[in-house]
Amino acid sequence: MEPDLELLFEVLTPLGFMVRVTHERWRLITTVKHPVMVGRQGAVKSTLENPDQVRRSLSDPRVLLFYRTEGANRWVCAVAKQATDQGFLITTYPTDAIKEGTQVWPK
């Protein structure tokens with residue numbers, strides 16, 4: 001099986017690691033977890049590539065929450081897990097609040 005055939009998109013974060021998103025992961029996010037994100041791949045790419053801020057999860061130090069402003073008190077949050085120079089998208093959703101956690105970018 002060619003792994004790249006499974007890839008929907010891959011982006012480089014400002015923290016220097018790539019985040020991969022497979023068709024299967026995107027389908028899970030948009031059909032089960034957060035259907036409101038259907039058709040929002042562009043917003044998720046922008047959030048990962050050019051976030052307004054990135055916070056480290058309180059529950060798992062390898063999980064980072066990327067936030068990008070989308071209006072007054074509205075953000076897109078893209079949650080990614082980092083493994084060395086590679087990472088993957090856990091989930092993504094619109095939010096009206098930035099979660100607690102150590103801000104790691106910008107410093």
Student: Below 30° counts as parallel, above 60° as perpendicular, anything between as tilted: where do the rings of Tyr93 and His34 land?
Tutor: tilted
Student: In the single-linkage hydrophobic clustering (I, L, V, M, F, W, Y; side-chain heavy atoms under 4.5 Å), do Met18 and Leu8 co-cluster?
Tutor: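 Shared cluster, no.
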Student: Please check if the side chain of Thr69 supplies one atom and the backbone of Gly71 the other of a donor-acceptor pair under 3.5 Å.
Tutor: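 No; zero donor-acceptor contacts below 3.5 Å.
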Student: Please report the closest heavy-atom contact between Glu100 and Leu58, naming both atoms and the distance.
Tutor: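 Heavy atoms of Glu100 and Leu58 come nearest at CB-CD1, 3.8 Å.
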Student: State, yes or no, whether a side-chain contact exists between Tyr67 and Val54 at a heavy-atom distance under 4.5 Å.
Tutor: no
Student: Let me check something: do Leu64 and Trp75 share a hydrophobic cluster, defined by ILVMFWY side-chain heavy atoms less than 4.5 Å apart, either directly or through other members?
Tutor: no
Student: Atom CZ in Arg20, atom CZ in Phe88: separation rounded to 0.5 Å?
Tutor: 12.0 Å
Student: Of all the heavy-atom pairs spanning Glu49 and Pro14, show the shortest one and how long it is.
Tutor: O-CD, 3.7 Å
Student: Under a 3.5 Å distance rule, please check whether Arg56 uses its side chain to pair with a backbone N or O of Pro61 as donor and acceptor.
Tutor: yes
Student: With sequence neighbours excluded, tell me which residues meet side-chain hydrogen bond (donor to acceptor under 3.5 Å, both in side chains) with Lys99.
Tutor: none
Student: Decide yes or no on side chain to side chain contact (heavy atoms under 4.5 Å, CB included) for Val44 and Val21, but give the supporting numbers first.
Tutor: CA-CA 10 Å; Val44 175; Val21 181; 5.6 Å; no
Student: Roughly how far apart are Thr22 OG1 and Glu10 CD, rounded to 0.5 Å?
Tutor: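 With rounding to 0.5 Å, OG1 (Thr22) is 11.5 Å from CD (Glu10).
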Student: Can any side-chain N or O of Asp96 pair as donor or acceptor with the backbone N or O of Arg74 at less than 3.5 Å?
Tutor: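 Not a single qualifying donor-acceptor pair exists.
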Student: In sequence, state the C-alpha distance, the side-chain angles, and the governing distance for Gln41 and Trp26, and then conclude on side chain to side chain contact (heavy atoms under 4.5 Å, CB included).
Tutor: CA-CA 9 Å; Gln41 295 99 315; Trp26 189 253; 3.6 Å; yes
Student: What are the two closest non-hydrogen atoms of Pro106 and Gln103, and how far apart are they?
Tutor: O-NE2, 3.2 Å
Student: Same cluster or not: are Ile90 and Leu28 linked, directly or through other Ile, Leu, Val, Met, Phe, Trp or Tyr residues, by side-chain heavy atoms under 4.5 angstrom apart?
Tutor: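 They do not share one cluster, since no chain of ILVMFWY contacts under 4.5 Å joins Ile90 to Leu28.
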Student: Quick one: are Asp60 and Lys81 in side-chain contact, heavy atoms under 4.5 Å?
Tutor: yes
Student: Taking the side chain as C-beta and beyond, is there a heavy-atom pair between Val79 and Thr92 under 4.5 Å?
Tutor: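 Counting from C-beta outward, Val79 and Thr92 never come under 4.5 Å.
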Student: Output the distance between atom OG1 (Thr91) and atom CE (Met37), rounded to the nearest 0.5 Å.
Tutor: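 Going from OG1 on Thr91 over to CE on Met37, the span is 8.5 Å.
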Student: Determine whether Val19 and Leu15 fall in the same hydrophobic cluster, where Ile, Leu, Val, Met, Phe, Trp and Tyr are linked whenever their side-chain heavy atoms lie under 4.5 Å apart.
Tutor: yes
Student: Working to the nearest 0.5 Å, report the span between OG1 of Thr47 and CG of Leu65.
Tutor: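 So the OG1 of Thr47 and the CG of Leu65 are separated by 11.5 Å.
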Student: Tell me whether Val104 is reachable from Phe17 by hopping between hydrophobic residues (I, L, V, M, F, W, Y) whose side-chain heavy atoms are closer than 4.5 Å.
Tutor: yes
Student: Kindly compute the distance separating CZ (Arg55) from SG (Cys77), expressed to the nearest 0.5 Å.
Tutor: 11.0 Å
Student: Begin from the C-alpha positions of Phe9 and Lys45 and carry the test side chain to side chain contact (heavy atoms under 4.5 Å, CB included) through to its verdict.
Tutor: CA-CA 8 Å; Phe9 64 84; Lys45 284 184 193 176; 3.4 Å; yes
Student: So with a 6.0 Å cut-off around CZ of Arg62, is the heavy-atom count from everything else above 12?
Tutor: no
Student: Atom CG in Asn50, atom CG in Leu12: separation rounded to 0.5 Å?
Tutor: 11.5 Å
